[in-house]
Amino acid sequence: MPAEVFHALVFWLPAFLFSTTVHEAAHAWTALRLGDPTAYLGGQVSLSPWPHVRRSPIGMLVIPLVTSLTQGWTMGWAHAPYDPAWADRYPRRAAIMSLAGPLGNLAIALAAFALIQAGLLLGAFEPPQHATVQHLVSNAMPPDAMQLGDFLAEGLSVLVALNVLLFAFNLLPLPPLDGASVFTLLLPAKAARSVRSAVSAPGLSFVGIITAWRLFPALTAPVLGLVVKMLYPGK
């Protein structure tokens, strides 16, 4: 099996499925707790990827698989449904629901980051010669544990990098990304309703996606650079 196919199928695609499932399940669970059972009734308060794949097969499987195999990283999308009438009546609750998804990604990134730091402290990992999205650390285990060490180093690196980027990307204040709704937490309820109504226009969402796609490459280097500095503050 070619190396790029191995990395795509073993690390990037599973990490994307897990991370996106957590993201959407966080949206769905938060909405349920705040009074909207729409996503819950659709089975999306679940850490199984299947309900999310069933709703968004192109975004959850086709595009992630293609980008994993061709780009060296994974891109895709999913969507947890919600009741627009509920969101209009309770704009702050809807904004909190939107924030829950990126916070799910942040939680995964922090957990994987903590495991990497533990590995560095225990001597299982070491700084790489050149940090990349899938090599934030290198294996330092003895030869009899080399394969396990390589797997853990790359798997945790991908989880940190992917989820930090998902967190940052989804908080861009552009529709239809979560950040467009999260932004309304800063506004009075009446203004929040007006903003939600404006950003829900399909044409504006298309413009937002194109703009976010163009901005995303500019975010990647500084965001990952910050992660590397946090891992190796003395370097």
State, to 0.1 Å, how close [X] and [Y] come at their nearest heavy-atom pair, and which atoms those are.
{"X": "S56", "Y": "A78", "value": "OG-CA, 3.7 Å"}
{"X": "T21", "Y": "S46", "value": "CG2-O, 3.6 Å"}
{"X": "L174", "Y": "A180", "value": "C-CB, 3.6 Å"}
{"X": "S68", "Y": "A8", "value": "O-CB, 3.3 Å"}
{"X": "F11", "Y": "F151", "value": "CE2-O, 3.5 Å"}
{"X": "G149", "Y": "F125", "value": "O-CE2, 4.0 Å"}

Is there a path from [X] to [Y] through hydrophobic residues (I, L, V, M, F, W, Y) whose side chains come within less than 4.5 Å of each other?
{"X": "L165", "Y": "L231", "result": "yes"}
{"X": "L136", "Y": "V133", "result": "yes"}
{"X": "V22", "Y": "L166", "result": "no"}
{"X": "L120", "Y": "L122", "result": "no"}
{"X": "V158", "Y": "V137", "result": "yes"}

Is there a donor-acceptor contact under 3.5 Å from the side chain of [X] to the main chain of [Y]?
{"X": "R55", "Y": "H79", "answer": "yes"}
{"X": "E126", "Y": "S138", "answer": "no"}
{"X": "W86", "Y": "L34", "answer": "yes"}

(request) Give me the ring orientation class for H27 and H23: parallel if the planes are under 30° apart, tilted from 30 to 60°, perpendicular past 60°. (result)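 H27 and H23: perpendicular rings.
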
(request) Using the six-membered ring wherever Trp is involved, compare the ring planes of H135 and H7 and label them parallel, tilted or perpendicular (cut-offs 30° and 60°). (result)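 Perpendicular: the ring planes of H135 and H7 meet at over 60°.
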
Greater than 12 external heavy atoms within 6.0 Å of [X]'s [atom1]:
{"X": "R193", "atom1": "CZ", "answer": "yes"}
{"X": "F113", "atom1": "CZ", "answer": "yes"}
{"X": "Y232", "atom1": "OH", "answer": "yes"}
{"X": "R54", "atom1": "CZ", "answer": "yes"}

Side chain proximity check, [X] to [Y], heavy atoms < 4.5 angstrom:
{"X": "L99", "Y": "L171", "result": "yes"}
{"X": "L162", "Y": "W12", "result": "yes"}
{"X": "W50", "Y": "V53", "result": "yes"}
{"X": "I58", "Y": "I63", "result": "yes"}

(message) Checking side-chain polar atoms at under 3.5 Å, does T67 have a donor or acceptor matched by the opposite partner on T74?
(response)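 T67 vs T74: no donor-acceptor pair found between side chains.
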
Roughly how far apart are [X] [atom1] and [Y] [atom2], rounded to 0.5 Å?
{"X": "Y90", "Y": "D83", "atom1": "OH", "atom2": "CG", "value": "11.0 Å"}
{"X": "S181", "Y": "N170", "atom1": "OG", "atom2": "CG", "value": "12.0 Å"}
{"X": "N105", "Y": "F18", "atom1": "CG", "atom2": "CZ", "value": "9.5 Å"}
{"X": "L32", "Y": "M97", "atom1": "CG", "atom2": "CE", "value": "12.0 Å"}
{"X": "L61", "Y": "L17", "atom1": "CG", "atom2": "CG", "value": "6.0 Å"}

(message) List the residues meeting side chain to side chain donor-acceptor pair (under 3.5 Å) with T30, not counting sequence neighbours, and say none if there are none.
(response)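 Expected list: none.
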
(request) Might you work through the side-chain hydrogen bond (donor to acceptor under 3.5 Å, both in side chains) test for S19 and N163, ending with a clear yes or no? (result) CA-CA 7 Å; S19 303; N163 280 280; 2.9 Å; yes

(request) Output, in order, the C-alpha distance, side-chain angles, deciding distance and verdict of side-chain hydrogen bond (donor to acceptor under 3.5 Å, both in side chains) for H52 and Q44. (result) CA-CA 7 Å; H52 312 283; Q44 291 187 286; 3.3 Å; yes

(message) Testing L219, V182, D178 one by one against L172 for a side chain to side chain contact (heavy atoms under 4.5 Å, CB included), which residue passes?
(response)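 Of the listed residues L219, V182, D178, the side chain to side chain contact (heavy atoms under 4.5 Å, CB included) partner of L172 is L219.
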
